[in-house]
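These notes concern the structure reproduced below.
Not measured: the values here are computed from a predicted model. Numbering of residues begins at 1 and proceeds along the displayed sequence. Side-chain atoms are counted along with the backbone in the values below, which use heavy atoms only and exclude waters and symmetry mates.
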Amino acid sequence: MSKRKMLLIVPHQDDEMLVGGGVLYQFANSKEWDSYVLYTTEGAAINEDPKVRMQEAIKALKEMGISENHIIFLGYGNGWQGKVHIYHAAENDKLISLKGKTETFALPNHEEFCYQKYGVHHCFSRQNYKKDLSEAITDIKPDVIIGVDLDDHEEHMATSLLLDECLEIILKKEADYRPLLLKKFAYDGLWHGKDDYFNIPRVPTLNGEGRDNDTRNPAFQWNERLRFANPPQCNTCLFCNNRLNKAMRKHKSQGGWLCAARLINSDNVFWVKRTDNLALTGEITTSSGNSRYLNDFKMVDAVNVRNKKTEWGNCSWIPKRDDKEKKIIITWKEIQKVKQIVLYESPEKMDGMIKNIQIKLDENYEFQTGELKHGGISNQFNFDDVHLCKKIEITLLATEGVCGLSEIEVFQDKFDLDKYLLPLMIWREKKTSFVLLRKIINFVEKKIFHLKAHILLSE
């Protein structure tokens, strides 16, 4: 029986520790899974050596249980000269990285993906970036993809959004390929978290945005997060024995290990972005507006990835003001089984809102939604029975001002995590034993950890 595959996609060498964490360790050490890690950029800041960061990543992943031949470097720039980031560039525009490079590269004994496959370096362009990322995914055909989400970093945002664009193409082309996609923030709750590893009881991931329910991505609500427990090897009583701590220390050029007590929690928090959306294979027509946004696998898009105060834009179907129908029609050639419909109102800054929608499935069933949750939050409509249909009509019955939808999802069943047979455990709050003893041990270890950090920083 062939092994199942997991692919982790992050921009920088050391992001795998934040986005993958203990989940990466569990996949890497499961006998039923092959694990791969892909870095989209060369990783180095303007004053750093990218080869050092790549070599450190190889050593860190070895500590996690991942062999070098399962590590992929795309080798694109980490930051770009000029006013335009590669994400916003025209498809064939050739760009120059902040370090003055124009082509992909990696290590002499570990070339980047395109050189290994074709024997050539690719010039820096948006088209080549997407081509390399798409081909890496289709070559591996992972059952699970773990990707960084929309952190307040331009390369994190670009990697997340370009991954969505690549998956849109792949999913529309290959109807039988439907991997589990898990997205995670590398900063919120981690870099933007608290130094709390030594707390007793051990603290789970906290919402880094400091708000009750929302995250940087309006489509991912905090109360909808998926929580996996860190394995014992990454949740040790003695911090010096923690496998994640040991792996982070392999990234010597970075400061992540100094913050390891902040970055390692008792759980790993993800959001599911479903790939089995029937609307991806349907034909969508609208009475006005740009229909392509409704099934492009992107609930949000950034006007400028370099702007940390993110403004969402260019991601929504917005009917014209004089459109009296305001109608969307989804059709399929074959009969579809429909159990759930999910609508996302536009996250873009507009002066209006959707007050009511009528949804009709063929001529057999129709209902009205009432006012939608606003700002790009998902609106889920579940049916008691499966409906068979070849057409869905969605009509905006009542609106105020300028408004629209950013995405439509149609599913034949509710999400079922168990079918993926993951080597992971759902996080459960546990009673801590030997509390006083563990508090004493943690107090001593915390002092030693900070003393070592102070000595190394003063050298």
Side-chain angles (χ1 to χ4, degrees), residues 164 168 171-173 175 178 218-219 273-301 312 314-348 350-415:
D164 290 347
E168 178 204 357
L171 296 172
K172 287 182 176 179
K173 183 178 179 181
R178 293 294 182 263
K273 189 168 185 179
R274 293 182 66 172
T275 61
D276 57 335
N277 178 11
L278 299 175
L280 291 170
T281 58
E283 180 180 344
I284 297 184
T285 57
T286 56
S287 54
S288 66
N290 194 336
S291 63
R292 74 177 183 86
Y293 292 125
L294 293 169
N295 67 341
D296 64 353
F297 202 64
K298 290 164 75 174
M299 288 75 169
V300 297
D301 203 349
W312 307 120
N314 306 318
C315 59
S316 304
W317 165 75
I318 302 171
K320 292 181 179 179
R321 286 181 178 271
D322 60 356
D323 183 353
K324 295 182 179 181
E325 288 188 282
K326 294 184 175 64
K327 181 175 290 188
I328 302 163
I329 299 177
I330 310 173
T331 57
W332 295 270
K333 294 180 180 179
E334 305 293 334
I335 293 176
Q336 305 295 316
K337 297 178 180 179
V338 178
K339 182 76 173 178
Q340 181 187 62
I341 295 176
V342 184
L343 304 178
Y344 297 82
E345 192 185 50
S346 173
E348 300 179 40
M350 292 186 284
D351 63 358
M353 64 180 66
I354 299 174
K355 305 290 286 186
N356 195 15
I357 290 178
Q358 176 182 275
I359 300 179
K360 182 185 294 186
L361 286 73
D362 279 345
E363 303 299 327
N364 303 320
Y365 181 80
E366 65 179 67
F367 68 98
Q368 294 184 14
T369 65
E371 185 172 337
L372 297 188
K373 289 182 283 187
H374 309 300
I377 299 172
S378 68
N379 294 265
Q380 301 180 15
F381 305 100
N382 301 300
F383 309 129
D384 293 332
D385 301 313
V386 173
H387 291 274
L388 304 179
C389 65
K390 294 177 69 175
K391 182 173 74 172
I392 295 177
E393 291 186 11
I394 299 173
T395 305
L396 276 57
L397 294 180
T399 62
E400 288 184 3
V402 178
C403 57
L405 297 172
S406 66
E407 197 77 5
I408 298 172
E409 295 177 320
V410 181
F411 301 113
Q412 67 177 7
D413 50 31
K414 292 184 178 180
F415 176 71

**Report entry** Donor on one side chain, acceptor on other, S346 and S316, under 3.5 Å
**Finding:**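 A pair is found: one side chain offers a donor N or O, the other an acceptor, under 3.5 Å apart.
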Query raised in the report: Between T395 and Q358, does any side-chain donor sit less than 3.5 Å from a side-chain acceptor?
Result: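 T395 vs Q358: no donor-acceptor pair found between side chains.
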Show me the donor-acceptor pairs within less than 3.5 Å that the side chains of residues 397-410 make with the rest of the protein, sequence neighbours left out.
{"residue": "S406", "atom": "OG", "partner": "M299", "partner atom": "O", "Å": "3.1"}
{"residue": "E407", "atom": "OE2", "partner": "D296", "partner atom": "N", "Å": "3.3"}
{"residue": "E407", "atom": "OE2", "partner": "F297", "partner atom": "N", "Å": "2.9"}
{"residue": "E409", "atom": "OE1", "partner": "Y344", "partner atom": "OH", "Å": "3.0"}

Requested in this report: Under the side chain to side chain contact (heavy atoms under 4.5 Å, CB included) rule, collect the residues that match up with C389, sequence neighbours excluded.
Outcome: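 Per chain and number, C389 pairs via side chain to side chain contact (heavy atoms under 4.5 Å, CB included) with V338, L361, D362, I392.
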Side-chain polar contacts of residues 325-336 - donor-acceptor pairs under 3.5 angstrom, sequence neighbours left out - could you list them?
{"residue": "K326", "atom": "NZ", "partner": "D323", "partner atom": "O", "Å": "2.8"}
{"residue": "W332", "atom": "NE1", "partner": "L278", "partner atom": "O", "Å": "2.9"}
{"residue": "Q336", "atom": "NE2", "partner": "E334", "partner atom": "O", "Å": "3.2"}

Report task. Using a 4.5 Å cut-off on heavy atoms from C-beta on, say whether the side chain of L343 contacts that of F381. Result ->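 Touching, per the 4.5 Å side-chain cut-off.
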Query raised in the report: Do the non-hydrogen side-chain atoms of L388 and N364 ever get within less than 4.5 Å of each other?
Result: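 Side-chain contact under 4.5 Å: no.
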Report task. Measure the acute angle between the ring planes of Y365 and F383, then classify it against the limits of 30° and 60° as parallel, tilted or perpendicular. Result ->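 Rings of Y365 and F383: perpendicular, over 60°.
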Report task. State whether R274 and D413 are salt-bridged, where the test is any N-O pair (Lys NZ or Arg NE/NH1/NH2 against Asp/Glu carboxylate O) under 4.0 Å. Result ->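 Looking at R274 and D413, the cut-off is met.
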**Report entry** Sidechain N-carboxylate O distance under 4.0 Å for D164, K273
**Finding:**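 Between K273 and D164 there is a salt bridge, with a charged N closer than 4.0 Å to a carboxylate O.
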Query raised in the report: Any sub-3.5 Å donor-acceptor pair from N379's side-chain atoms to K373's backbone N or O?
Result: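 Yes, N379 side chain to K373 backbone: donor-acceptor pair under 3.5 Å.
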Query raised in the report: Is the backbone of Q380 close enough, under 3.5 Å, to the side chain of S378 for a donor and an acceptor to pair up by distance?
Result: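 Judged by distance alone, no pair lies under 3.5 Å.
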